[in-house]
Amino acid sequence: MAATFPALIQPRLLAALQASSVADLLPDGFMPSVDPAQNPQFGDYQTNAAMVLAKQAKKNPRELAAEIVEKFESDNLTETPEIAGPGFINFRLKKEVLEQRTLDLLADSDRLGVDKVADPKKIVIDFSAPNVAKPMHVGHIRGTIIGDSLSRVADFLGHEIISDNHIGDWGTQFGMILYGWKNVLDEKALEADPVPELLRVYKAINQLCEDEPELRETCKAELVKLQSGDEENLKIWEKCVEVSKIGLQKIYDKLDITFDHWLGESFYNDKLQPLVDDLLERKIATESDGAVCIFFPDHKKLADQPPAIIQKGDGGFLYATTDLATIDYRIKEFGADTLWYVVGIPQQLHFDQLFEASRMIGNDVELQFIPFGSILGKDRKMFKTRDGDTVQLDDVLNESVARAYKIVDEKNPDFPEEEKQEIARTIGIGAVKYSELSQFRLTDYIFDWDNMLALKGNTAPYLLNAYVRTRAIFRKMGSDFEGTDVITLTEAAETTLALKLAQYAEIVPMILSDFRPNTLATYIYELATTYHKFWEACPVLKADGDVKATRLALCELTGRVLKHALSLLGIQTTEKM
RNA sequence: GCGCUCGUAGCUCAGCUGGAUAGAGCAACGGACUUCUAAUCCGUAGGUCCCGUGUUCGAAUCACGGCGAGCGUGCCA
């Protein structure tokens, strides 16, 4: 596949710069930036290179721009560049170039113009990671959906990606669960639907502990028994983990999310003591106030923060210990060279410490903390499971599907029942995912049903409707797209759409440069808008000859790109709605 | 106290490594369906980009200082 338009313009522009009076100022390996023009009136692409270099050369930017344009060899790629404003150079693609690109993209149905990365990595991605014995609530939705989307994008770009659900299956919550299991468990309720019953037990004991604090000691004793290998408690624990996993899997199935591994905290139990001993021996960790800690005296920020504790005074381990063991395992057993952690921003300090500790240990691995903002309750405070007033993730998904069904049923009362439900599932789940992925991941927001489940405006149904419209054409025509030898762009709406389609290849690689699926979401929204406008302006089936062939091709290609881009967000498509 | 993140239209949010007149959606108002799906399109209205200073030809964007919100901060995860 040919390079993207910026990648084609850049070397020509560089050659012009090297032939200009500022050639001496260009650093080795310099490549001028070429970006899509903000406003179509300026052209298709623009560069600010003249302004940047004029500054260094102490020249007039517009004069330098004129010199660059003079030396610019378009080689039939663009029209003569134009100079505008303070010194922008604007490029407009030749029509034939865009037409040829459209044909190329049609022939490239697998990749749609998107190249694989030159340096594929082996990446373990850690996301979702719910605690067992507690159902997922809305707070878990971000990491789960963002992590899944990043996995899909990385995979498509040619990385080897291994997803690992590092579930919390060994935490202190088991003290209360074990006590509750033995004292307040409703066996029948457990059999009927284990996850809510486990939550009830957890909440009940949590409440009891509030009322009579001495109960906490009893719970702690249960935890110690578990951790020292007590047979009865181990059995209960295993049962708990088993039923919880089944409950979690149901949610993941609804979300169409899978993991390569489920290596929870408990998996690393026998690796913790040797790790601590080793770090003590290597003087990376030291004893302090009875606990084993890692200090960071040379780190400019962490030096003033408390140490990372890897073993408690009572001999117990903490999540810093488990996470260090996990890094080690992922490097040695998975052969990973890169680890991604999609985790809430409150854990920033923990990961700063963890990564620094890993560096001190000498691990040769790239570590990437990909944080996301918090979902807050109406009181602007973070959701906390133990309070019990959180909204469960499953309820959100069900409500979303129900709302979508209502509209599907209104608009298409004649569709078979099963089809209506299938469409409602696609739209409902897609709406939740899109509302998350279309937002910058670090922004905090207050949970609001109507906001998260909106179906109007910049939402999943708008995008799905654009896809449905591409399919409606071929359904009406009575046959699938049969290919074309010629593309003739005449209307502005066609040109704009063709350019937008070509830019898919520019957008996808950008997602991983700063881990922002919302850049892709924005692109899909713009593509859908562009297509909807094309739809209004350009009749397809009533057209003839090359015009019709061109428009059919644009519909087909738009459908392919929409479907593919949505799949990178983990959103499924529907043929009708 | 120290540290992290955020602050943009009435509301919810975009705005990529500094670029041209700061953009969408919702809500409000006005238009367009005997037409390939109107879950659409077109138009009107809406702004002290939290405040201040600095760097720059140019700042919503970068730096510093405030203010506000949320979060973290030695034995939970």
Side-chain angles (χ1 to χ4, degrees), chain A residues 33 35 37-39 41-42 46 48 51-52 54-55 60-61 84-88 90 129 131 168 170-173 265 288-293 301-302 304-314 316-320 322-323 344-350 352 371-374 376 380-382 404 407-408 410-412 427 435 438-440 442-446 448 450-451 454-462 464-466 468-477 507 510-511 513-514 516 518-519 521-522 525-526 529 532-533 535-543 551 555 576-577:
Chain A
S33 68
D35 301 305
Q38 298 178 356
N39 190 327
Q41 80 187 45
F42 296 131
Q46 61 170 299
N48 60 5
M51 290 181 287
V52 173
K55 185 185 211 163
N60 180 314
F88 288 100
N90 293 320
N131 286 322
W170 197 252
T172 30
Q173 81 265 29
E265 293 169 337
S288 167
D289 290 342
V292 180
C293 304
K301 275 203 173 122
L302 295 178
D304 297 333
Q305 300 294 325
I309 300 176
I310 58 172
Q311 188 160 27
K312 297 193 282 185
D314 67 4
F317 302 104
L318 295 103
Y319 76 148
T322 314
D323 279 350
I345 189 73
Q347 299 202 42
Q348 173 98 49
L349 176 60
H350 167 70
D352 284 348
F372 53 86
S374 306
L376 311 175
R380 299 197 55 84
K381 304 279 186 193
M382 279 181 72
I407 298 177
V408 173
E410 269 170 27
K411 296 194 182 277
N412 310 287
I427 294 174
S435 79
S438 58
Q439 205 156 158
F440 178 52
L442 277 167
T443 316
D444 290 350
Y445 66 87
I446 295 171
D448 180 82
D450 292 335
N451 211 355
L455 300 172
K456 289 199 283 186
N458 182 359
T459 63
Y462 180 86
L464 292 172
N465 186 41
V468 163
R469 281 179 147 183
T470 68
R471 301 311 305 155
I473 301 255
F474 294 102
R475 199 162 47 243
K476 180 82 174 186
M477 191 168 79
I507 294 293
M510 284 172 55
I511 301 166
S513 68
D514 48 7
R516 292 191 189 195
N518 70 313
T519 55
T522 300
Y525 179 68
E526 287 170 1
T529 300
H532 280 311
K533 286 179 184 176
W535 174 281
E536 302 284 338
C538 302
V540 177
L541 297 178
K542 283 180 191 153
R551 290 178 182 175
C555 288
K576 296 184 197 170
M577 64 188 280

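In what follows, every chain begins at residue 1, and chains take the letters A, B, ... in the order their sequences are listed.
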Discussion item. What's A/F372 touching, base or sugar-phosphate or nothing? Going by heavy atoms closer than 4.0 Å.
Written reply: nothing
Students often get this wrong, so: under 4.0 angstrom with heavy atoms, is A/N465 touching a base, only sugar-phosphate, or nothing? sugar-phosphate
(Q) I'd like the P distance from B/rC6 over to B/rA14, given in whole Å. (A) 11 Å
Margin query: Could you walk me through whether A/N451 and A/I446 satisfy the side-chain contact (heavy atoms from CB on, under 4.5 Å) test, starting with their C-alpha distance in whole Å, then the side-chain angles of each, then the deciding distance to 0.1 Å, before giving a yes or no?
Written below: CA-CA 9 Å; A/N451 211 355; A/I446 295 171; over 6 Å; no
- Task: Describe the nucleic acid contact of A/K476 in one word from base, sugar-phosphate, nothing, applying a heavy-atom distance below 4.0 Å.
- Result: sugar-phosphate
Of A/Y525 and A/R475, the one whose nearest nucleotide on RNA chain B sits closer to the 5' end is A/Y525
ask   = Base, sugar-phosphate alone, or nothing: which one does A/I427 contact when heavy atoms must sit under 4.0 Å apart?
value = base
Separation of B/rG72 atom C1' from A/M382 atom CE, nearest Å, is 10 Å
For A/A466, the side-chain contact (heavy atoms from CB on, under 4.5 Å) test, sequence neighbours excluded, returns A/A528, A/Y531, A/H532, A/L562
Notebook entry, point to check: In terms of side-chain heavy atoms, does A/Y445 have a donor or acceptor partner in A/S374 at a distance below 3.5 Å?
Noted result: no
Under 4.0 angstrom, heavy atoms only, what part of the nucleic acid is A/C555 near: base, sugar-phosphate, or nothing? nothing
- When you check the phosphate oxygens OP1 and OP2 of B/rC76, does a side-chain N or O of A/K312 lie under 4.0 Å from one of them? yes
Worksheet item: When all nucleic acid strands are considered with a 4.0 Å heavy-atom cut-off, which category describes A/P346: base, sugar-phosphate, or nothing?
Response: sugar-phosphate
When rounded to whole Å, the CD to P distance for the pair A/Q439 and B/rA24 reads 19 Å
Discussion item. Please evaluate residues A/Y462 and A/T529 with respect to the criterion side-chain contact (heavy atoms from CB on, under 4.5 Å), reporting the C-alpha separation (whole Å), side-chain torsions for both, the decisive distance (0.1 Å), and the verdict.
Written reply: CA-CA 9 Å; A/Y462 180 86; A/T529 300; 3.1 Å; yes
Under 3.5 Å, which N/O atoms of the protein pair with N/O atoms of nucleotides 26-28 of chain B?
unit_1: B/rA27; atom_1: OP1; unit_2: A/K456; atom_2: NZ; d: 2.8

Nucleotides 57-65 of chain B: which of its N/O atoms have a protein N/O under 3.5 Å away?
unit_1: B/rG58; atom_1: O6; unit_2: A/K55; atom_2: NZ; d: 2.9

| message | Classify A/N60 by what it touches in the nucleic acid, base, sugar-phosphate, or nothing, heavy-atom distance under 4.0 Å. | response | nothing
When rounded to whole Å, the CD1 to C1' distance for the pair A/I407 and B/rU40 reads 15 Å
query: Do any side-chain nitrogens or oxygens of A/K533 fall under 4.0 Å of OP1 or OP2 in B/rC42?
result: yes
Output a table of nitrogen or oxygen pairs between the protein and nucleotides 3-7 of chain B separated by less than 3.5 Å.
unit_1: B/rG3; atom_1: O4'; unit_2: A/Q305; atom_2: NE2; d: 3.0
unit_1: B/rC4; atom_1: OP1; unit_2: A/K301; atom_2: NZ; d: 2.7
unit_1: B/rC4; atom_1: O2'; unit_2: A/Q348; atom_2: OE1; d: 2.9

Out of B/rA20, B/rA14, B/rG74, minimum distance to the side chain of A/A84 belongs to B/rA20
Using a 4.0 Å heavy-atom cut-off, does A/G313 contact any base of the nucleic acid, only the sugar-phosphate backbone, or nothing at all? base
- Query: What integer number of Å spans the C1' atoms of B/rU61 and B/rG18?
  - Reply: 6 Å
* Contact under 4.0 Å: A/Y462 side-chain N or O vs B/rC41 OP1/OP2 -> yes
Hits for side-chain hydrogen bond (donor to acceptor under 3.5 Å, both in side chains) against A/Y525, two or more places apart or cross-chain, chain-then-number order -> none
Between protein and nucleic acid, restricted to nucleotides 45-47 of chain B and to nitrogen or oxygen atoms under 3.5 Å apart, what atom pairs and distances do you find?
none

note: A/R471, atom CZ; B/rU37, atom P; distance rounded to Å ~ 12 Å
For a quick check of understanding: with a heavy-atom distance under 4.0 Å over all strands, which category does A/N39 fall into, base, sugar-phosphate or nothing? nothing
(Q) Applying a 4.0 Å non-hydrogen cut-off, can you work out what A/L318 is touching in the nucleic acid: base, sugar-phosphate, or nothing? (A) sugar-phosphate
inquiry  = By the 4.0 Å heavy-atom rule, please label A/Q46 as base, sugar-phosphate, or nothing.
reply    = base
Considering only heavy side-chain atoms of A/N451, the closest of B/rG72, B/rU12, B/rA69 is B/rU12
Report task. Have a look at A/S288 and say if it touches a base, only the backbone sugar-phosphate, or nothing, with a 4.0 Å heavy-atom cut-off. Result -> base
Taking B/rU40, B/rG74, B/rC76 as options, the one with an atom nearest any side-chain atom of A/T172 is B/rC76
RNA chain B nearest-nucleotide lookup for A/V468 and A/V292: closer to the 5′ end is A/V468
Which of B/rU37, B/rA39, B/rU35 is nearest the side chain of A/K542? It is B/rU35
Under 4.0 Å, heavy atoms only, any strand: does A/F474 hit a base, just the sugar-phosphate, or nothing?
nothing
Picking from B/rU17, B/rG70, B/rA39, the nucleotide nearest the side-chain atoms of A/L376 would be B/rG70
Rounded to whole Å, the CH2-P distance (A/W535 to B/rA39) equals 11 Å
Passes side-chain contact (heavy atoms from CB on, under 4.5 Å), A/S33 versus A/N48? Steps please. CA-CA 7 Å; A/S33 68; A/N48 60 5; 3.6 Å; yes
Taking the C1' atom of each, how far is B/rA28 from B/rC11, in whole Å? 12 Å
- Message: Any base atoms under 4.0 Å from A/E536, or only sugar-phosphate, or nothing? Heavy atoms, all strands.
- Response: base
Whole-Å distance, A/Y319 OH to B/rC75 P, equals 12 Å
Work out how far the C1' atom of B/rU44 is from that of B/rA60, and round it to whole angstrom. 26 Å
| query | If we take the P atom in both B/rU5 and B/rG23, what is their distance in whole Å? | reply | 28 Å
Below 3.5 Å, does any donor atom in the side chain of A/T522 face an acceptor in the base of B/rG15, or the other way round? no
Whole-Å distance, A/H532 NE2 to B/rA39 C1', equals 8 Å
**Distance between P atoms of B/rG10 and B/rC50 (Å, rounded)** = 13 Å
Item to check | Separation between the C1' atoms of B/rC13 and B/rU56, rounded to whole Å | outcome: 30 Å
Same-atom distance (P) from B/rG47 to B/rG65, integer angstrom | 33 Å
message: With a 4.0 Å cutoff (strictly under), does any side-chain N or O of A/R516 reach OP1 or OP2 of B/rG15?
response: yes
